[in-house]
Each structure stands twice: as C-alpha cells, then as structure tokens.
Amino acid sequence: MLNSYVIFPMFAMVLVSFTTLVLLFMARTKSVREGTISAGFFKTYQNQTEPEANLQLSRHFVNLFESPVLFYAVCISALATQNASTTFQIIAWGYVIARVAHMFVHIGSNTLNYRIAAYFTSWIILLILWVLLCVEVAGIG
C-alpha cells in the first residue's frame with residue numbers, strides 16, 4: 001500500500017465532519033421553520049434554548065474539532081516522515097470506524113454506555129497510532 005493512501009481515512013473524517021455540519025444545518029433550519037427557536041438566536045446564541053436534538057448535533061460537531069485534530073496531525077506526520085505503513089493505515093481506518101460509530105450513537109440514541117465505549121475506543125486507537133509512528137520514526141520496530 002502506498003504511503004500516501006493514508007489520505008483516505010483523513011478524507012473520511014472530513015466527510016464525517018461535513019455530514020454532521022449538514023445535519024446540524026438542517027436541524028436548525030427546521031427548528032426555525034417550526035418556530036421552536038427564532039433565527040435571531042443564532043446571532044449571539046443567547047436568550048433562548050436550542051432544542052435538545054440540535055444541541056446533540058452541535059456538541060458532536062464541536063467534538064469533531066477536538067481529538068480528530070490529533071488524528072489529522074498523526075496522519076500528516078506519518079506522511080511527512082514517510083512512515084504511513086500498511087499497518088498504520090489499517091489502524092487509521094479503525095479510528096475512522098470508531099468515530100463513525102460514535103457519531104451514530106451520539107446523534108442517534110445517545111445511549112451513554114455505547115457512546116463512551118465508541119469514544120474511548122477511538123482514543124485508544126489514536127494513542128496506538130501515535131505510539132506506532134514514534135516507534136517507526138525511532139527505527140525501533
């Protein structure tokens with residue numbers, strides 16, 4: 001597998017973020033159309049409470065700019081150091097799968113135990129990616 005193929009799991013995470021953004025926009029538009037919140041709320045995000053479904057999507061969207069940033073960083077670092085091995089890329093796809101599972105739970109049933117499991121799994125995979133990269137760069141492996 002080519003070193004540059006690690007771009008594909010990164011692109012998949014971009015698609016997860018974009019999908020969440022579209023869903024959030026649609027939910028907020030629906031809320032305004034149904035009158036559950038005024039359009040003016042979005043100027044300052046004050047003086048009203050956004051519907052719970054919108055809050056879940058909003059929180060999930062913000063979450064996609066937390067730990068996934070470290071995923072992008074490790075992938076770009078693997079590319080830059082030419083250490084995006086086949087093993088690295090397979091594990092990177094595992095991260096994407098864990099994040100997609102987290103997305104479905106978070107914006108779906110929001111069952112806390114499942115959400116925590118998916119979230120924690122993605123963090124473990126992220127740590128493995130960083131350790132693997134450090135081992136490969138150090139020439140230990």
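Only this structure's heavy atoms are used, side chains among them; waters, hydrogens and symmetry mates stay out. Keep in mind the model is a prediction, meaning the values are calculated, not measured.
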What heavy-atom pair brings S67 and W123 nearest, and what distance separates the two atoms?
CB-CZ2, 3.1 Å

Going from CG on N3 to OG1 on T86, what distance comes out if it is rounded to the nearest 0.5 angstrom?
9.5 Å

SB check R99 E66 (cutoff 4.0 Å):
no

So with a 6.0 Å cut-off around CZ of F42, is the heavy-atom count from everything else above 12?
yes

Check whether the side chains of S109 and T111 place a donor and an acceptor atom closer than 3.5 Å, and report yes or no.
yes

Only counting residues at least two apart or in another chain, list the ones meeting salt bridge (Lys or Arg N to Asp or Glu O under 4.0 Å) with R115.
none

I'd like to know if the side chain of S31 reaches the main chain of A27, judged simply by a donor and an acceptor atom lying under 3.5 Å from each other, with no hydrogens or angles considered.
yes

Is there a donor-acceptor pair under 3.5 Å between the side chain of Q89 and the backbone N or O of A84?
yes

Can you tell me if Y72 has over 12 outside heavy atoms packed within less than 6.0 Å of its OH?
yes

For the residue pair S85 and E136, confirm or rule out a side-chain donor-acceptor distance under 3.5 Å.
yes

Would you call the rings of H102 and Y119 parallel, tilted or perpendicular, taking 30° and 60° as the class edges?
tilted

Could you point out which residue of T20, V69, T19, V14 forms a side-chain contact (heavy atoms from CB on, under 4.5 Å) with L64?
T20

Looking at L133, is its backbone amide N or carbonyl O close enough to the side chain of N83 to form a donor-acceptor pair, meaning the two atoms are under 3.5 Å apart?
no

ILVMFWY clustering at 4.5 Å (side-chain atoms), partners of I97
none

Do other residues, nucleotides or ligands put more than 12 heavy atoms under 6.0 Å from F41 CZ?
yes

